[in-house]
Colleague: 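Below is a structure I'd like to ask you about.
Note that this is a predicted model, so its numbers are computed, not measured. Each chain gets a letter, A, B and so on, in the order its sequence line appears, and its residues count up from 1.
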Protein chains: 2
Amino acid sequence: MIDDVTLFGLKVLRQVAATGSFAAAASELGYTQSAVSRQMAALEAAVGEQLFERERRGVRLTPAAEIVLSGATRALAELETTGQQLAGLRDRAAGRW
Amino acid sequence: MIDDVTLFGLKVLRQVAATGSFAAAASELGYTQSAVSRQMAALEAAVGEQLFERERRGVRLTPAAEIVLSGATRALAELETTGQQLAGLRDRAAGRW
DNA sequence: GTCGGTTACGAGCACCGTAATTATC
DNA sequence: GATAATTACGGTGCTCGTAACCGAC
């Protein structure tokens, strides 16, 4: 089971995957490098699997990380959709169709 | 956007929906009533919508809560699937097919 | 020296449990 | 009184930023 992962950790992972480095992800998210580093360390601990190959210019995702990333993407998309449905509900409640 | 909701909050919501009361959900999850109450208050704040009708014997979910619940269920299912895929990865790595 | 990731330290805040409170039966 | 939710209070622990540190170029 992959428990005690956090939504924020998954968002950070997504950003790391998009940018290829902790530093870039941090700057993109408005956090510091160290915060991202710790978040990803926590994610690795929660998953129980190494997620990154540390390289000269950032990190590369391991196969395990790719799995987590795709699950994270789907889960976050569901929450995104949920937000849109709620907006729709509010519109209907306000009489705007 | 429905941001700063927490995975734990969604799990609590799921349990509240299953049991019909904060107290029962709390007992089921091994937390206190007050913790569940605060979690759901935080969820309502994050969603920006009332989620529960407080009634004599617990709570009833509002339409907004049903939307959140179904999104939460799908998101949590994605993470569940992710956990299974990781387990599969580990098995393959260990030479067990 | 630079760049990128890690880690010790201190501070702030998030979240819990206990317990008191309110409200409905 | 019993049940169920809310809330004040205190304490623990999480997570952040700063800053120092460790490679690899």
Side-chain angles (χ1 to χ4, degrees), chain A residues 2-66 68-69 72 76 79, chain B residues 2-66 68-69 72 76 79:
Chain A
I2 138 185
D3 223 349
D4 58 314
V5 310
T6 174
L7 274 182
F8 181 57
L10 298 180
K11 290 181 189 172
V12 174
L13 172 63
R14 194 171 51 174
Q15 200 64 41
V16 168
T19 60
S21 86
F22 288 3
S27 144
E28 201 70 30
L29 292 166
Y31 284 82
T32 59
Q33 234 179 67
S34 79
V36 168
S37 174
R38 279 182 307 239
Q39 278 291 333
M40 295 300 93
L43 187 59
E44 284 185 318
V47 168
E49 203 79 39
Q50 190 181 348
L51 296 180
F52 308 101
E53 310 270 353
R54 275 74 174 176
E55 295 182 334
R56 176 66 189 90
R57 295 210 137 290
V59 297
R60 195 161 43 84
L61 301 198
T62 63
E66 298 287 355
V68 176
L69 174 63
L76 292 171
L79 297 182
Chain B
I2 136 185
D3 223 348
D4 59 315
V5 311
T6 174
L7 274 182
F8 181 56
L10 298 180
K11 289 180 189 174
V12 174
L13 171 63
R14 195 171 50 172
Q15 200 65 42
V16 168
T19 60
S21 87
F22 288 4
S27 142
E28 200 70 30
L29 293 166
Y31 285 82
T32 59
Q33 232 178 68
S34 78
V36 168
S37 174
R38 280 183 306 238
Q39 279 291 332
M40 295 301 92
L43 187 59
E44 282 184 320
V47 168
E49 203 80 40
Q50 190 180 349
L51 296 181
F52 308 101
E53 310 270 355
R54 275 72 176 176
E55 293 184 335
R56 176 62 189 93
R57 296 212 137 286
V59 296
R60 194 162 44 85
L61 302 198
T62 64
E66 298 287 355
V68 176
L69 173 63
L76 291 171
L79 297 181

Colleague: Rounded to the nearest Å, what distance is computed from the CZ atom of residue R57(A) to the P atom of nucleotide dT2(C)?
Modeller: 14 Å
Colleague: Rounded to the nearest 0.5 Å, what's the gap from CG on L51(B) to CZ on R60(B)? Could you check?
Modeller: 13.0 Å
Colleague: Has T19(B) got a side-chain atom pairing as donor or acceptor with Q15(B)'s backbone, closer than 3.5 angstrom?
Modeller: yes
Colleague: Counting heavy atoms from C-beta on, name the nucleotide in dG5(C), dA4(D), dC16(D) closest to the side chain of F8(A).
Modeller: dC16(D)
Colleague: Please classify the nucleic acid contact of R38(A) as base, sugar-phosphate, or nothing, using heavy-atom distances under 4.0 Å.
Modeller: base
Colleague: Check the distance between dT6(D)'s P and Q50(B)'s CD and give it to me in whole angstrom.
Modeller: 10 Å
Colleague: Output the rounded distance in Å from CZ (R54(B)) to C1' (dT3(D)).
Modeller: 16 Å
Colleague: Return whichever of V59(A) or A35(B) has its heavy-atom-nearest nucleotide of DNA chain C closer to the 5' end.
Modeller: V59(A)
Colleague: Please report, rounded to the nearest Å, how far the P atom of dT3(D) is from the CD atom of E55(B).
Modeller: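 Taking CD of E55(B) and P of dT3(D), I get 19 Å after rounding.
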Colleague: Starting from P on dT6(C), measure out to CG on L51(A) and report it in whole angstrom.
Modeller: 11 Å
Colleague: From CZ of F52(A) over to P of dG23(D), roughly how many Å is that when rounded to an integer?
Modeller: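 Result: 21 Å.
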Colleague: So, does Q33(A) get its side chain near the phosphate of dC3(C), meaning an N or O under 4.0 Å from OP1 or OP2?
Modeller: no
Colleague: Are F8(A) and L43(A) close enough, and set up right, to give a side chain to side chain contact (heavy atoms under 4.5 Å, CB included), and what steps lead you there?
Modeller: CA-CA 10 Å; F8(A) 181 57; L43(A) 187 59; over 6 Å; no
Colleague: Is a donor on one side and an acceptor on the other found under 3.5 Å between the side chain of R57(A) and the backbone of E55(A)?
Modeller: no
Colleague: Can you tell me how far CG of L69(A) sits from CZ of R14(A), rounded to the nearest 0.5 angstrom?
Modeller: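 The CG atom of L69(A) is 9.0 Å from CZ of R14(A), to the nearest 0.5 Å.
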Colleague: So what does S37(A) touch, heavy atoms closer than 4.0 Å: a base, only the sugar-phosphate, or nothing?
Modeller: base
Colleague: Which nucleotide sits closest to the side chain of Q39(B): dC15(C), dC16(D), dG17(C)?
Modeller: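 Ranking dC15(C), dC16(D), dG17(C) by closest atom to the Q39(B) side chain puts dC15(C) first.
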Colleague: Check if the side chain of S34(B) and the base of dT18(C) share a donor-acceptor pair of N or O atoms closer than 3.5 Å.
Modeller: yes
Colleague: Does T32(B) put a side-chain nitrogen or oxygen below 4.0 Å from OP1 or OP2 of dC16(C)?
Modeller: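 For dC16(C), OP1/OP2 do not have a side-chain N/O of T32(B) under 4.0 Å.
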Colleague: Provide, to the nearest angstrom, the distance between the CG atom belonging to L43(B) and the P atom belonging to dC15(C).
Modeller: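 Roughly 12 Å, once rounded to whole Å.
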Colleague: Can you measure D4(B) atom CG to dC13(C) atom C1' for me and round it to whole angstrom units?
Modeller: 15 Å
Colleague: Has the side chain of R56(A) got a donor or acceptor atom sitting under 3.5 Å from an opposite partner on the base of dG5(C)?
Modeller: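 Answer is no: no donor-acceptor pair is held.
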